[in-house]
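Some notes on the structure that comes next.
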2 protein chains.
Amino acid sequence: MIVSTAWPDHALAALRDAGLRSGGARRAVVAHLARHDCCRSAQEIHDGVRAEGGTVGIASVYRVLDTLVALRLVQRVELGDGVARFEPSTSDGHHHHHVVCDGCGKVEPFSDNALEHALEGVAGRLGFAMDAHEVVVRGACDTCRA
Amino acid sequence: MIVSTAWPDHALAALRDAGLRSGGARRAVVAHLARHDCCRSAQEIHDGVRAEGGTVGIASVYRVLDTLVALRLVQRVELGDGVARFEPSTSDGHHHHHVVCDGCGKVEPFSDNALEHALEGVAGRLGFAMDAHEVVVRGACDTCRA
DNA sequence: ACCAAGACGAGAGTCGTTATCATCTCTCGC
DNA sequence: GCGAGAGATGATAACGACTCTCGTCTTGGT
């Protein structure tokens, strides 16, 4: 779950390797994502960067996120509230999923090997070359249930 | 995967049990869902009902779907394209998930016991009372890969 | 420093979804 | 069956997330 501290460098290097230039918006979005490694919406990123003095446009945020997703540097996450969220994807293939509490809206990450194995089995059985998957568990957290 | 042929009756009965009335829009949406048991968007339902001579408003479709989801008669599914889809949820607890082909957009349902067990294990470990979960597998189907 | 390609920001536009409100209809008590 | 009121419906306006467009600015190579 820990995003390597080298992630922003890795991401910027990958952008360059892809033949893309280094612009202010890209740097700002990458830096912001690196500081908040779980589930940031485009709006949150936009506001966050602005709060730190940057002047990125919301369009640029979406553009940068699009690029990062295409390069598999960022994973898009949909929690069912109509807002796409984004988080850095680690290069070592280790990733996590999310539980959402219907009561308080709290989001918590988790990872589970049995789950990953089951998904690989399913993909193989169906003749799919799985290159991504998303799991969202919904329920009531212990405090909301009390 | 097979939706019981009794689903529409079950759904209408559940609506009544919840103290709700039987209006034309509810019957039309339930009937349409029963005929297409996998992944229908609100727009598709609206168009489908209209094509059959009904006169439901799009607002009513969303309202009815909202009600059905709240009563757990219908499951909301997000495949990542910004459109919410809906399908009947069987009363016996048996449900399915979806694989989406990034190449041709084909959607296929699947179900897997190991996956369900893994999810239950995760929820228990986190202290969550899981009452729903959604899994989307993304990849290339065998024809798109060839 | 110059220049072309590319990146950027602002704002308009698109589209799925939700809220509003006046009208209609179902259900219950008579 | 009938009337009344609560609830359901449909058209439309409003909303919000996201995308497109376009003119300007920056980057990186020369």
Side-chain angles (χ1 to χ4, degrees), chain A residues 11-32 39-71 73-74 76-86 105, chain B residues 11-32 39-71 73-87 105:
Chain A
L12 293 174
L15 286 168
R16 177 159 317 172
D17 290 350
L20 301 170
R21 291 184 189 168
S22 158
R26 296 216 173 109
R27 277 192 300 271
V29 170
V30 167
H32 185 91
C39 283
R40 303 289 289 174
S41 70
Q43 196 64 56
E44 284 170 338
I45 295 169
H46 181 241
D47 294 347
V49 170
R50 294 236 160 184
E52 291 152 12
T55 56
V56 285
I58 185 72
S60 294
V61 173
Y62 281 109
R63 248 186 318 236
V64 171
L65 288 171
D66 235 32
T67 305
L68 292 171
V69 169
L71 292 176
L73 296 165
V74 160
R76 174 189 299 254
V77 176
E78 313 243 2
L79 298 181
D81 60 349
V83 183
R85 291 158 191 281
F86 302 86
Chain B
L12 292 175
L15 285 168
R16 177 160 318 173
D17 290 351
L20 302 170
R21 289 185 191 169
S22 160
R26 295 213 173 112
R27 279 191 299 269
V29 170
V30 167
H32 185 91
C39 282
R40 304 288 290 174
S41 71
Q43 197 64 57
E44 285 170 338
I45 295 168
H46 181 242
D47 294 349
V49 170
R50 293 237 160 182
E52 291 152 14
T55 56
V56 285
I58 186 71
S60 294
V61 172
Y62 280 108
R63 247 186 317 237
V64 171
L65 288 171
D66 235 32
T67 305
L68 292 171
V69 169
L71 291 176
L73 296 164
V74 160
Q75 190 176 2
R76 176 191 297 256
V77 176
E78 313 244 2
L79 298 182
D81 60 349
V83 183
R85 290 158 192 281
F86 302 86
E87 58 190 29

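Side-chain atoms are counted along with the backbone in the values below, which use heavy atoms only and exclude waters and symmetry mates. Numbers restart at 1 for each chain; the letters A, B, ... are given by sequence-line order, proteins then strands.
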Rounded distance (Å) that lies between atom C1' of D:dC18 and atom CZ of A:Arg40
18 Å
Apply side-chain hydrogen bond (donor to acceptor under 3.5 Å, both in side chains) to B:Glu87 and list each qualifying residue two or more places apart in sequence or on a separate chain.
B:His96, B:His98
Of residues 16-29 of chain B, the positions that come close to DNA chain D - non-hydrogen atoms, cut-off under 4.0 Å
B:Leu20, B:Arg21, B:Gly23, B:Gly24, B:Ala25, B:Arg26
Nt span of DNA chain C in reach of chain B heavy atoms at under 4.0 Å, 5' end first, is C:dG16 to C:dT27
Can you measure B:Ile58 atom CD1 to D:dT12 atom P for me and round it to whole angstrom units?
14 Å
Looking at every strand, decide which applies to A:Arg50 at a 4.0 Å heavy-atom threshold: base, sugar-phosphate, or nothing.
sugar-phosphate
Can you name the nearest heavy-atom pair linking A:Ala11 to A:Leu73, along with the distance?
O-CD1, 3.8 Å
B:Ser22 versus B:Arg16, side-chain donor and acceptor atoms under 3.5 Å
no
A:Val64 vs A:Ile45 side-chain heavy atoms within contact, under 4.5 Å:
no
For atom NE2 of A:His46 and atom C1' of D:dG16, their distance in whole Å:
15 Å
D:dC18 P sits how many Å from B:Asp81 CG, rounded?
13 Å
Separation of A:Asp66 atom CG from D:dA17 atom C1', in whole Å?
14 Å
Tell me, do B:Arg85 and B:Glu44 make a side-chain contact under 4.5 Å, heavy atoms counted?
yes
Interatomic distance, A:Tyr62 OH vs D:dA17 P [rounded to whole Å]
7 Å
Check the distance between D:dG16's P and A:Arg85's CZ and give it to me in whole angstrom.
16 Å
Please work out if B:Ser41 contacts a base, only the sugar-phosphate, or nothing of the nucleic acid, heavy-atom cut-off 4.0 Å.
nothing
Nearest nucleotide by nearest heavy atom, which residue falls closer to the 5' end of DNA chain C, A:Gly57 or B:Gly82?
A:Gly57
Considering all heavy atoms, the nearest A:Val61-A:Ala42 contact:
CG1-O, 3.7 Å
Angle, rounded to 10°, between the helical axes spanning five pairs at each terminus of the helix from C:dA1-D:dT30 to C:dC30-D:dG1?
40°
Taking all heavy atoms of A:Gln43 and all of A:Ile58, pick out the closest pair and write down the distance.
OE1-CD1, 4.0 Å
Not counting sequence neighbours, which residues clear salt bridge (Lys or Arg N to Asp or Glu O under 4.0 Å) with B:Asp47? List them please.
none
If the condition is side chain to side chain contact (heavy atoms under 4.5 Å, CB included), which residues does B:Thr55 pass it with, not counting sequence neighbours?
none
Examine distances only and state if a side-chain atom of A:Arg26 and a backbone atom of A:Arg21 form a donor-acceptor pair shorter than 3.5 Å.
yes
Rounded distance (Å) that lies between atom P of D:dT27 and atom CG of A:Leu15:
15 Å
Rounded to the nearest 0.5 Å, how far apart are CG of B:Leu65 and CZ of B:Arg76?
8.0 Å
